[in-house]
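What follows is a single structure, written as structure tokens, with notes after it.
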Number of protein chains: 2
Amino acid sequence: MRLSKRGEYGLRAMMRLAEDIQPGQPYPLMQIKEIAGRDKIPAKFLEQILLALKNAGLLHSKMGIGGGYYLGKPPEEITLGHIIRVLDGPLAPIRCVSQTAYEPCGCPDALTCGLRLVMSDVREAVAAILDHTSLADITNRVDGLRLSLGLGE
Amino acid sequence: MRLSKRGEYGLRAMMRLAEDIQPGQPYPLMQIKEIAGRDKIPAKFLEQILLALKNAGLLHSKMGIGGGYYLGKPPEEITLGHIIRVLDGPLAPIRCVSQTAYEPCGCPDALTCGLRLVMSDVREAVAAILDHTSLADITNRVDGLRLSLGLGE
DNA sequence: ATAAAGTCTATAATAGTTATAGACTTTAAA
DNA sequence: TTTAAAGTCTATAACTATTATAGACTTTAT
């Protein structure tokens with residue numbers, strides 16, 4: 001029931017790219033190295049992760065001097081569920097209950113398999129959160145918390 | 001976000017031991033081999049799993065001829081959450097959000113870390129299901145489904 | 001005494017995760 | 001037009017965890 005480092009790093013990087021978006025401005029551009037440095041992520045590992053997110057359309061990039069990565073869509077439209085699926089695969093705890101990567105599990109009667117019933121509930125609950133939380137939701141929540149705690153910046 | 005085979009096998013075995021409990025009768029006794037055969041689980045692997053569940057007090061056993069395993073507590077009191085924690089460790093997707101096995105994650109400010117906020121919600125949601133679903137709940141649910149589908153026995 | 005069961009620990013086999021390496025491409029600017 | 005700073009891509013090394021098997025031991029009913 002665990003999020004991999006790959007997933008964690010990817011989420012942190014995406015949150016980083018979403019965090020100081022200014023209204024009316026183009027999305028901020030950041031280099032791999034910068035994100036890696038700020039979030040203490042091995043740069044070469046992050047490179048692969050960002051590439052995967054780019055291939056999934058969640059990031060765009062600019063090559064060459066002054067290049068870097070930036071969000072591929074408005075932060076309101078990027079859900080954590082999408083990010084995690086790209087990096088770690090299906091949310092379902094067990095394949096036979098996955099909406100996006102179903103596979104039969106071989107239990108004698110799938111319809112009345114107790115394990116499926118519960119794991120399906122779990123999948124549902126997790127997806128309900130992760131597919132309805134966007135990068136924008138996170139920044140809002142964090143900003144709100146910072147304010148209410150009276151922290152600067 | 002996945003349940004291991006170990007966890008899956010353990011859950012299936014526990015459900016098997018709970019399924020034909022008769023009121024007023026002692027809990028049914030089953031041998032490793034029998035469970036392994038019925039649920040298509042490698043017997044030697046299951047052996048380790050049942051031993052772990054036994055050491056956690058969720059199962060009791062009887063050695064020697066005519067021996068086997070049986071539930072260590074009423075099925076109403078055995079939650080899936082407990083079983084999974086014994087076999088797979090904490091439910092939390094990320095350690096810094098675990099109630100049972102907390103570990104700091106090294107983010108600069110834990111209080112306002114966006115990842116923690118969401119993953120904490122996820123942990124909560126998963127635990128809400130798994131810690132409030134007992135073996136008895138499962139058998140009831142499965143029996144109900146079988147009846148409503150008109151399947152025999 | 002024997003055979004059928006669980007106990008216990010080690011380790012093999014496999015797979016998955018995490019990380020590093022290096023050669024390549026694109027692009028801005030000197 | 002060269003150079004350096006960026007991303008791209010693929011391979012593979014290092015590590016860790018999972019899954020499974022092996023085998024010697026203990027207990028107990030018959």
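This is a predicted model, so every value here is computed, not measured. Each chain gets a letter, A, B and so on, in the order the sequences are listed, and its residues count up from 1.
Residue pairs meeting the ring pair (Phe, Tyr, Trp, His ring centres under 6.0 Å) criterion with at least one member in residues 64-123 of chain A, sequence neighbours excluded, are A/H60-A/Y70.
Distance A/K44 NZ to C/dC24 P: 13 Å, rounded to the nearest Å. A/L3 has its CG atom 11 Å from the P atom of C/dT17, to the nearest Å. Whole-Å rounding puts the A/E8 CD to C/dT17 C1' distance at 13 Å. Atom NZ of A/K40 is separated from atom C1' of C/dT18 by 19 Å (rounded to the nearest Å).
Counting non-hydrogen atoms under 4.0 angstrom, A/K5 reaches the backbone sugars and phosphates but no base.
Residue A/Y9 places its side chain closer to C/dA19 than to any other of C/dA19, C/dT7, D/dT21. Comparing atom distances between the A/F45 side chain and each of D/dT21, C/dT20, D/dT8 picks out C/dT20 as nearest.
The side chain to side chain contact (heavy atoms under 4.5 Å, CB included) check on A/E76 picks up A/P74, A/A136, with sequence neighbours excluded. Taking A/R141 as the reference, B/D121 meet the side-chain hydrogen bond (donor to acceptor under 3.5 Å, both in side chains) condition, with sequence neighbours excluded.
For the segment residues 27-39 of chain B, the set of residues with a heavy atom within less than 4.0 Å of an atom of DNA chain C comprises B/M30, B/Q31, B/I32, in numerical order. Taking a 4.0 Å limit (strictly below) on heavy-atom distances, residues 48-63 of chain A reaches DNA chain D at A/Q48, A/L51, A/K54, A/S61, A/K62, A/M63.
A/R85 contributes no side-chain N or O that, together with a main-chain N or O of A/P90, makes up a donor-acceptor pair within less than 3.5 Å.
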Between the protein and nucleotides 13-16 of chain C, list every N/O to N/O distance that falls short of 3.5 Å.
none

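When each of A/R6 and A/I65 is assigned the nucleotide of DNA chain C with its nearest heavy atom, A/R6 is the one assigned upstream, toward the 5' end.
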